[in-house]
Amino acid sequence: MEFRILGPLEVVAAGRAVPLGGPKPRAVLATLLLDADQVVSVDRLIDGVWGEDPPPSATNALQTYLSRLRRVLGPETLERHHRGYRIAICARQIDAQRFEQGVALGRETLTADPAVTLHSVDAALTLWRGPALMDLADDPAAQAEITRLTELRQVAAELRVDALLALDRTAEAVAAASALVAEHPLREGSRARLMLSLYREGRQTEALATYHEARTLLADEFGLDPGGELATLAHSILRQAPHLDPAPAALPQPPQPPMLPQPPPVPADRFLGRDVEVAEVRALLRDHRLVTLVGPGGSGKSRLAVEVCRGLGRDVCVAELAGLADDTLLEPTLAQAFGLAVSTDLAGVAAAVGNRRTVLLVDNGEHLVDALARVVPRLLTGLPGLRILVTSRVPLSIGGERRHPVPPLPAATTAVELFLDRAAAVTPEWHCDAADRTVVTRICERLDGLPLAVELAAGQLVALAPAQILERLDDPAALRTVRRDVPARHRSLDTAIDATYRLLDQPQQEAFARLSVFAGTFDLDAAERVAGDVLTPLTGLISASLVTTLPGTSPRRYRMLQTLRQYAGRRLGDDERRAVRRRHLARIAELTATADRELRGPHARRWLRTLATEQDDTRAALAFALGGEDPATGLRLAADLAWFWYRTGHITEGLRWLRAGLDAAPDAPGDDRARALTGIACLQYLAGDVAAGTEAILVALEIARAAGRPTTLARASAYLTLSLGLRGQLEEGAKMGEEARQQAIASGADWVLPEALISIGLIAGASGDAETAAAALDEAIEVGTRCGFVWSAGSARWIRAKQALVNGEHAEAYTLTRRATRDLDEEDDVTGWLATTHLLACTLALTGRPGAGAVLLGAVDALGGQFGYSPQRMDPLNGPRNVAAVMSRLSPAEYEEAHRRGQLMDRAAVRAYIEAL
């Protein structure tokens, strides 16, 4: 099967086009192909089809389109995953990938065999049938790929002209280059090829006229002159320079300097990790003439640059700028880097170096970026064989520059290895046992894997144990070194960061300090709520590598390394810090209040992800509020998060914050206290402590009757009904269930009613009233589905399945449980998914597959242990029955072996196992 995106979307199988339907299913497939062989989320697919304003029915419509595509393409090609969908194809099946491979081959063979280049590029260009990704022309997220492919098409067309010239087929080269210039009259690369083609055809006057036409166009459109390379070519054509002829090998070479400096000396310390980064930067330098390594102080830019230069196969010159304060000395410094003792300007460098294939490493250039931005283009124009690699905390921001951010080291692996390596140098007698390694890992995580910080921390082992180092990381003076060979700017972490901080203007410094309040990632809206109008200074902070943009996020999200946050936080005065943190609290409180409502509707999954993303900041806001600043807001915040903690299985954390809120705010509004107590009751139920849950819900109900909203009262009544049922108080439970139903109807909130109906169904089933139980649970499924509260529908099916088992309806129970498991899995309800999977194990045993049931029990035991959750404790009546149903149908050895298999599965493996049943 072949997928074509270089033009209108087409899928071809066995030589025939596959019917794809209208524009929207085609846009769905195109979005999937944009990230072929990767899982694409439902939200991203919705954005690709409808943009930023999807209709309310977008999710349902998307599922329809995906179902049709799966039927056409086959489920083995369009795979459904928990996080979205994936096109499972290889690169050769996509025309764009074959196009890129053809262009790459053409580039590689141009010098050695231009005929191969011509054949390869011609074949690649024939794959185009129109604009790339036409079906995603309005999708903002696709624009970068559309632009990249379109640019590569132009590169391929120019490469074709190069091959024709190399084969001395100048008439064809003139025709091809003329077509390119007609299509893109301002593209200098195409115009240069036309000028050279005309000149080699003996049409010198037309070649120069082509140059003057470009000069006029640029002046009229932009007030600019042509680039240096085009002007140089025109001058060479005017004087009929010999090197323009098609036999360059016979031309005399320009004089070369006797010797250029060799690669920079390699430090004695081991270079650890960074293999991927080294390969990426070398690849960039092969394709681009100016590459800048950017990153915060201490991120390892200079060391990475040295390793990159060691394997390039070119002469390397090094200009160390850290100690250069006068930008008027920049040109002489660069000239000296090329080994020139007399000539101190760029003209002298150009005359001496000529076309030599050279790399210039410009190290630590952040304080001279303005001067470098003026000098570097002149160097590149005058030295056609030159590549420049810059290390800087801020980019040069000039044309042709390719930036490569230098990330921190992976904290749990390479950073730990670096710590141990540097520790062995200062304390060779120290042995890192398992306990010490755990502490070292925590140190590296606290330091964000920043190489300088890790090395400084390792140096402290001379006087301190790892645990003592960890305790002192909040002290800015803790991370220092006494090594004599370390530059002064790297002898403490604060000094390294301060060098960048001093380069910021005042608005950037103020924004940097205020943004330190964010404990996790944040978006622009959050930044503006907390720190004011920050877009312009935030852009500067990103350029200075003090704030990082998270790739692949839309809207964009940002983060600040913890070491940088600590530094920035110390730049806030006490009054300003309190004001910023109060704005942060207000923003989080508003977010969680909205989430509390949305988690019970059709957008629950999106809001679960939102709260998971914001979790570090919700914790920081809770700690600030409940630490004495605003306990009432802290309690309300905890109550709003209770359902999130329930859904994600964060039992211990939720109980801790809810109890802390109730203790800190005894005079808070009654509704907030009742909601918090209801949250405690729900989490205690998950933990299997029915007695404690009942105690909490009784108090919640009493407060809600006096001061709660109708929804709060209805929820408390519904959960008291559930508690009474679990305790065997069926008559009282039935009465309370009816109250909960009436209160839910009176509240006007659709999502409350299913919770009451589920409790009624549970009580009725336990009482032997199968008809009432079925009616209540079916109504809960219907209402929950209608209002988008999928969790309630899944939970109702789970209880309905348990009652079907009691009635001996094993096949029906299996069907209901499979659906409930899928519902709760799709809702990202961890504990609900575990509970239904536990029941699914039982239904498998009762329908003849006990081995599969034992596998699932093993998985639930292992995964539940990670959350402190056990279905057997949560449901002491049915949980042991589920296990007994499986164990009784297997020998002990069979059960043990299958159970052990399940314990080795992660959630994705369990999901795949269930799908395969």
Side-chain angles (χ1 to χ4, degrees), residues 261 263-269 271 274 277-278 281 284-285 290-310 312 316-338 359-376 379 386-398 401-408 450-453 455-456 481 483-504 540-546 561 563-564 567:
V266 180
D269 288 335
F271 181 76
R274 304 287 198 197
E277 287 92 337
V278 169
V281 178
L284 281 174
L285 278 170
L290 172 61
V291 176
T292 302
L293 304 183
V294 293
S299 60
K301 301 181 295 295
S302 298
R303 189 62 190 276
L304 173 61
V306 169
E307 292 299 319
V308 167
C309 290
R310 289 181 64 197
L312 287 177
V316 178
C317 309
V318 181
E320 170 54 65
L321 303 186
L324 186 66
D326 185 353
D327 62 5
T328 63
L329 298 178
L330 178 61
E331 288 194 31
T333 300
L334 295 177
Q336 291 166 16
F338 284 99
V359 174
L360 173 63
L361 169 55
V362 180
D363 202 13
N364 298 295
E366 53 272 347
H367 58 301
L368 296 173
V369 288
D370 289 338
L372 284 169
R374 295 190 298 270
V375 170
V376 164
L379 270 175
L386 180 66
R387 296 284 192 273
I388 298 180
L389 178 61
V390 180
T391 75
S392 175
R393 302 177 192 190
V394 295
L396 304 189
S397 299
I398 60 177
E401 180 184 36
R402 289 298 183 272
R403 307 176 190 179
H404 188 282
V406 178
L450 203 64
L452 173 62
E455 293 195 28
L456 292 172
T481 185
R483 278 182 53 173
R484 295 180 177 87
D485 62 337
V486 173
R489 67 185 185 278
H490 282 170
R491 290 184 180 174
S492 81
L493 187 59
D494 260 21
T495 302
I497 301 172
D498 197 57
T500 307
Y501 181 76
R502 289 197 303 269
L503 297 175
L504 304 177
L541 294 175
I542 294 169
S543 295
S545 304
L546 295 174
L561 297 179
T563 48
L564 297 175
Y567 177 96

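Note that the structure is a prediction, hence the values are computed from the model and not measured. Numbers here simply count residues along the sequence, with the first being 1.
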Partner residues of Thr292 under the side chain to side chain donor-acceptor pair (under 3.5 Å) criterion, sequence neighbours left out: Glu401
Could you give the distance from CD (Glu366) to OG1 (Thr391), rounded to the nearest 0.5 Å? 7.0 Å
side-chain contact (heavy atoms from CB on, under 4.5 Å) between Val369 and Leu503: does it pass, once the steps are laid out? CA-CA 11 Å; Val369 288; Leu503 297 175; over 6 Å; no
Atom CG of Leu389 and atom SG of Cys317: how far apart are they, to the nearest 0.5 Å? 12.5 Å
Tell me, please, which residues at least two apart from His404 pass side-chain contact (heavy atoms from CB on, under 4.5 Å). Glu277, Glu280, Val281, Leu284, Leu293
So which heavy atom on Thr563 is nearest to which on Ile497, and how close? O-CD1, 4.0 Å
Roughly how far, to the nearest 0.5 Å, is CG of Asp363 from CG of Leu321? 7.5 Å
Any chance you could measure Leu290, atom CG, to Arg402, atom CZ, to the nearest 0.5 Å? 9.5 Å
Closest non-hydrogen atom pair between Pro395 and Ser543, with its separation: CD-O, 3.1 Å
Distance check, rounded to the nearest 0.5 Å: Leu386 atom CG versus Phe338 atom CZ? 5.0 Å
Could you pull out the closest heavy-atom pair between Val294 and Val394, with the gap in Å? CG1-C, 4.1 Å
Which heavy atom of Ser392 sits nearest to which heavy atom of Gly365, and what is that distance? OG-C, 3.8 Å
Criterion side-chain contact (heavy atoms from CB on, under 4.5 Å) on Leu504 and Leu546, from CA distance to verdict: CA-CA 10 Å; Leu504 304 177; Leu546 295 174; 3.6 Å; yes
For Asp498, check side chain to side chain donor-acceptor pair (under 3.5 Å) against everything at least two apart and list the hits. Arg502, Tyr567
Got a sec, which residues hit side-chain contact (heavy atoms from CB on, under 4.5 Å) with Ser299, two or more places apart in sequence or on another chain? Pro296, Lys301, Val406, Leu450
Just to verify, what does Ser545 make a side chain to side chain donor-acceptor pair (under 3.5 Å) with, not counting sequence neighbours? none
Would you please name every residue forming a side chain to side chain donor-acceptor pair (under 3.5 Å) with Thr500, sequence neighbours left out? Arg393
Side chain to side chain donor-acceptor pair (under 3.5 Å) evaluation trace for Ser397 with Arg403: CA-CA 9 Å; Ser397 299; Arg403 307 176 190 179; 3.2 Å; yes
Contact check, side chains of Leu372 and Arg374, non-hydrogen atoms, under 4.5 Å: no
